[in-house]
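In what follows, a single structure is set out as structure tokens and then discussed.
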Amino acid sequence: MRHHLISFACLLSTLALLLGGCATEPSLYTGQTGYYAYTWEQELQLGRKSDAQIVQQMGLYQDDELAAYIRNIGNDLLQHSAIKSEDAPEIYQNTEFTFRLLDSDVVNAFALPGGYVYVTRGLLAHLQNEAQLAVVIGHEITHVEARHASKQALKQQLGQIGLVAGAVIGEQIAENKELARDMVNLGGELFQLATLKYGRDAERESDMHGVQYAAKAGYAAGEGSAFFRSLDRISEKAGQSIPSWMSSHPDPGEREKTILELAEKWKPIAGAPPVIGQESFFEKVDGLVVGQNPRNGFTDGQRFYHPDLRFQFDTPPGWRLQNESGAVYLSDPNRSVMLAFSLAKEASPLEAARSFSSKLKMEPTYAQESFVNGFPAYVIEGSISNQSGTLMLHSTFVQMGDKVFTFLGYGTTASFPPQARAIRNVAGSFAELTNPSILNIQPHRISIERADRAAAFKDLLPDQLPSGTDAQDWAIMNQVELDQSIERGQLLKLPASKR
């Protein structure tokens, strides 16, 4: 839950783009008529709306210099892409792209229709140079210009498309899909969450053009193959065949080989040597936050703390917690009820409760002004019926300073009553955070350092590693093996010492 919290109303608000039939427009690559679920104008509209939701859900990484670095590489690659060529059909000309750096430790990159490309800080932590980053961004540019989302939506005969990444109203934590979707529908707007997984042909096409654009921009595009080896190692360590966000992609081992072959094909015959850009890349990621950032909220298993916003509350034993940019979601061990904690936009608990009840057309069974650990509050309980049945709800609105926080618990008529006390107890435990050691906690960061001696990589690591990481994680981040010999003076990503 980041400092730039969004209102609960925004969490319930979702995107919908209703389309009839299919669009027939020229392919960017061949100029021949192709069939798509959306017109290009609709894709631009969808991208703009979805981008706002992505930023709210996942949050931007607060480093203007690093964000500008990502944008500059992206815009440079665009100049070598099909969508910026003189032969591009008129509908694609003047398309503006947006490149964003998201504050997530997940190793991920993705694109939305209409020119929106995202990379995470987790991805940057696992890249080794600028050439690898260029191949990844070029790959995502291709997803946009090849209109893979629109093609896949048509193939699946979807009338709507939602976000292609991130959790919406805690769907990923709930594991009770119907319950989570019911909660989404409470916002009054229909939202079809469609996590479109591109086919392997689409991924191969994006690899092909991604390598091509990187090579044309002057990069040593073959460097990209080493990153796919890293993906393989990440998934092996996690005990998975491939990471979930790569589930429809070709096997990473296949891609290692293919990218080297493609890079050789596009290798310049003459001219300046291709750019690897390790030092320039390392200069930009020096100090990058690694792992989860406790400033945005963390749990010790018993309580959830938010140092930046200076609050805390209890977490029930055995409950699962997911901390997103705009909210914190909890679910019971059976995934039968959910509790969402967020920020209301209203100025007082009473105003927030009235707005909440009115918007959801709630039938209240209890509504009362109250106090939570000395803070003004308003508690409301009741039910709401929709086409799927009846949901029971509890909501506590608490004011601390100029902010009004919202606890919303909900479940079915069968699942809610046994968990009602636990939900009320969470809301009732909200309190100001005053512990100096927690208020001053800082995230772990990467430090770019030169090896002070020749040794195996594992022997160059400090004895104490950041919580949540081990030696293998740092080896993967450096794209080396634990026993691999490191030369004196070689640049490495190491845990920064806290001062």
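Given the structure is predicted, the values throughout are model-derived calculations rather than measurements.
Ring pair Phe110/Tyr116: centre-to-centre distance not below 6.0 Å. Between His306 and Phe298, the distance from one ring center to the other does not fall under 6.0 angstrom.
Inspection of the Gln93 and Lys84 side chains reveals no N or O donor paired with an N or O acceptor under 3.5 Å. Residues Glu203 and His139 bring a donor and an acceptor atom of their side chains to less than 3.5 Å of each other. Side-chain contact annotation: Ser206 with His143, donor-acceptor N/O pair under 3.5 Å present. Side chains of Glu41 and Thr39: a donor-acceptor N/O pair is absent below 3.5 angstrom, by distance only. Between the side chains of Gln132 and Glu130, no donor N or O sits under 3.5 Å from an acceptor N or O. In this model, no donor atom of one side chain and acceptor atom of the other lie less than 3.5 Å apart for Trp319 and Ser331. Between the side chains of Asp105 and Gln292, no donor N or O sits under 3.5 Å from an acceptor N or O.
Salt-bridge annotation for Asp103 and Arg121: present, with a side-chain N of the basic residue lying under 4.0 Å from a carboxylate O of the acidic one. A salt bridge links Arg229 to Asp232: at least one charged side-chain nitrogen sits closer than 4.0 Å to a carboxylate oxygen. Remark: Lys458 engages Asp483 in a salt bridge, criterion side-chain N to carboxylate O under 4.0 Å. A salt bridge links Asp51 and Arg100; the closest N-O separation between the charged side-chain nitrogens and carboxylate oxygens is under 4.0 Å. Lys237 and Asp473 are joined by a salt bridge, as a carboxylate oxygen and a charged side-chain nitrogen come within less than 4.0 angstrom of each other. Electrostatic pairing of Arg71 and Asp76 does not count as a salt bridge here, judged by no charged N lying under 4.0 Å from a carboxylate O. The pair Glu481-Arg233 meets the salt-bridge criterion, since a charged nitrogen lies less than 4.0 angstrom from a carboxylate oxygen.
By the 6.0 Å contact criterion, CG on Asp300 is enclosed, its count of non-hydrogen atoms from other residues, nucleotides or ligands being greater than 12.
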Begin with the C-alpha distance, continue with both residues' side-chain angles, and end with the deciding distance and a verdict on side chain to side chain contact (heavy atoms under 4.5 Å, CB included) for Leu494 and Ile446. CA-CA 6 Å; Leu494 298 173; Ile446 286 173; over 6 Å; no
Dump the intermediate steps for ring-ring contact (aromatic ring centres under 6.0 Å, His included) on Phe311 and Phe341, then the final yes or no. CA-CA 12 Å; Phe311 68 77; Phe341 173 81; 5.0 Å; yes
Check step by step if side chain to side chain contact (heavy atoms under 4.5 Å, CB included) holds for Lys284 and Ile70. CA-CA 10 Å; Lys284 293 297 187 297; Ile70 302 293; over 6 Å; no
Residue pair Ser81, Glu145: steps toward the side chain to side chain contact (heavy atoms under 4.5 Å, CB included) verdict: CA-CA 9 Å; Ser81 68; Glu145 66 178 21; 3.7 Å; yes
Applying salt bridge (charged side-chain N to carboxylate O under 4.0 Å, His left out) to Arg204 and Asp207, what does each step give before you reach the verdict? CA-CA 5 Å; Arg204 291 188 178 103; Asp207 282 346; over 6 Å; no
Working for side chain to side chain contact (heavy atoms under 4.5 Å, CB included), residues Phe281 and Leu127: CA-CA 9 Å; Phe281 177 78; Leu127 296 175; 3.7 Å; yes
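A pairwise comparison of heavy atoms in Ala215 and Ala221 identifies N-CB, 4.1 Å as the closest pair. In plain terms, the two heavy atoms of Ala471 and Phe457 that are nearest each other are O-CE2, 4.3 Å. Nearest approach of Phe282 to Lys493, heavy atoms of both residues: CE1-CE, 3.6 Å. When all heavy atoms of Val136 and Ala109 are compared, the pair lying nearest together is CG1-CB, 3.7 Å. The two residues Ala67 and Leu101 have their closest heavy-atom pair at N-CD2, 4.4 Å. Pro89 approaches Leu28 most closely through the heavy-atom pair CD-CD1, 3.7 Å.
With sequence neighbours excluded, the residues forming a salt bridge (charged side-chain N to carboxylate O under 4.0 Å, His left out) with Glu279 are Arg450, listed by chain and number.
Residues Glu324 and Tyr329 are in side-chain contact: their nearest non-hydrogen atoms beyond the backbone lie under 4.5 Å apart. Between Tyr219 and Val211, every side-chain heavy-atom pair lies at or beyond the 4.5 Å cut-off. For the pair Thr95/Trp40, a side-chain contact is recorded, criterion being any heavy-atom separation below 4.5 Å from C-beta on. The side-chain heavy atoms of Val289 and Arg295, taken from C-beta on, include no pair separated by under 4.5 Å.
Judged by distance alone, the side chain of Thr406 and the main-chain N or O of Leu343 form no donor-acceptor pair under 3.5 Å. Between the side chain of Glu25 and the main chain of Gly34, no donor-acceptor pair closer than 3.5 Å is present. A side-chain donor-acceptor contact under 3.5 Å links Thr142 to the backbone of Gly138. A donor-acceptor contact shorter than 3.5 Å links the side chain of Arg445 to the backbone of Gly287. The closest donor-acceptor contact from the side chain of Asn72 to the backbone of Ala68 lies under 3.5 Å. Of the possible donor and acceptor atoms, none in the side chain of Thr30 sits under 3.5 Å from a partner among the backbone N and O of Ser27. Listed for the Ser50 side chain is no donor-acceptor partner under 3.5 Å among the backbone atoms of Gly47.
Because its NZ or CZ atom is both nearer than 6.0 Å to the ring centre of Tyr36 and within 45° of the ring axis, Arg147 counts as a cation-pi partner of that residue.
Taking CH2 from Trp474 and CG from Leu492, the interatomic distance works out to 11.0 Å, rounded to the nearest 0.5 Å. Atom CD of Gln212 and atom CG of Leu77 lie 11.5 Å apart (nearest 0.5 Å). From Gln484, atom CD reaches atom CD of Gln479 across 10.5 Å, with rounding to the nearest 0.5 Å. Asn75 CG to Thr98 OG1: the interatomic distance, rounded to the nearest 0.5 Å, is 9.0 Å.
Between Tyr29 and His209, the ring planes are parallel. Angles under 30° get that label, and only those over 60° would be called perpendicular.
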